[in-house]
Amino acid sequence: MDPAPSPRVLVVGFDPYRVPGPWNPEPVAEAIEAGLAEFAAHGVGVRTCLFGLDGSDDIPHVVATALRAHRWECVVVGGGLRHTDDNAELLEQVVNLIRRHAPDAAIAFNTTPATTYEAAARWID
């Protein structure tokens, strides 16, 4: 079996299983997996940095660690961070962490988990 391609893209966002509330995380988790499969289909290495909103993560530390793990060509910021005003401060924090720890990486935004590869592909060769 061929080894996985070297990671070029980091996807940052919420872990659907650790977002509080009365909701079913399965459809979102399945959509994330399907979106990530597009990277493999195109031979592009991808990693995720998914964090919880349940208080179990030191989000700045988790994101900074992931950003320092590789030299990323692109960081995709998931829609969950952007689609509610409740997360504006967290979104600012994540964007500034990207600027600090991956200054050469393009920043992309998906519209849904299914468009994650499409968002990254706009910025990678």
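Sequence positions, counted from 1, serve as the residue numbers for this chain. Quantities reported herein were computed from a predicted structural model and do not represent experimental measurements.
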Does the side chain of [Y] come within less than 4.5 Å of [X]'s, by heavy atoms?
| X | Y | value |
| --- | --- | --- |
| Val76 | Val46 | no |
| Val44 | Pro5 | no |
| Val28 | Trp23 | yes |
| Val94 | Leu81 | yes |
| Cys49 | Val62 | yes |
| Leu50 | Tyr17 | no |
| Cys74 | Arg8 | no |
| Asp54 | Val19 | no |

Neighbour count above 12 (heavy atom, 6.0 Å) for Arg122 CZ: yes
Flag for Asn110-Thr115: side-chain donor and acceptor within less than 3.5 Å: no
Trp72 side-chain N/O to Leu67 backbone N/O, donor-acceptor pair under 3.5 Å: yes
Test item: Asp57 side-chain N/O and Gly52 main-chain N/O as donor-acceptor pair under 3.5 Å: yes
Which residues share a side-chain contact (heavy atoms from CB on, under 4.5 Å) with Pro27, sequence neighbours left out: Asn24
Roughly how far, to the nearest 0.5 Å, is [atom2] of [Y] from [atom1] of [X]?
| X | Y | atom1 | atom2 | value |
| --- | --- | --- | --- | --- |
| Leu97 | His61 | CG | NE2 | 11.5 Å |
| Thr116 | Ile32 | OG1 | CD1 | 8.0 Å |
| Leu36 | Tyr117 | CG | OH | 13.0 Å |
| Thr65 | His101 | OG1 | NE2 | 8.5 Å |
| Ser6 | Glu73 | OG | CD | 8.5 Å |

Non-hydrogen atoms of Val77 and Arg82 that approach each other most closely: O-NH1, 2.6 Å
Whether Phe51 and Phe14 hold their rings parallel, tilted or perpendicular, with breakpoints at 30° and 60°: perpendicular
Option from Gln93, Arg100, Arg99, Glu92 for which side-chain hydrogen bond (donor to acceptor under 3.5 Å, both in side chains) with Asn96 holds: Arg99
Given the rule that I, L, V, M, F, W and Y join up when any side-chain heavy atoms are under 4.5 Å apart, are [X] and [Y] in one cluster?
| X | Y | result |
| --- | --- | --- |
| Leu53 | Val12 | yes |
| Leu10 | Trp123 | no |
| Phe109 | Val11 | yes |

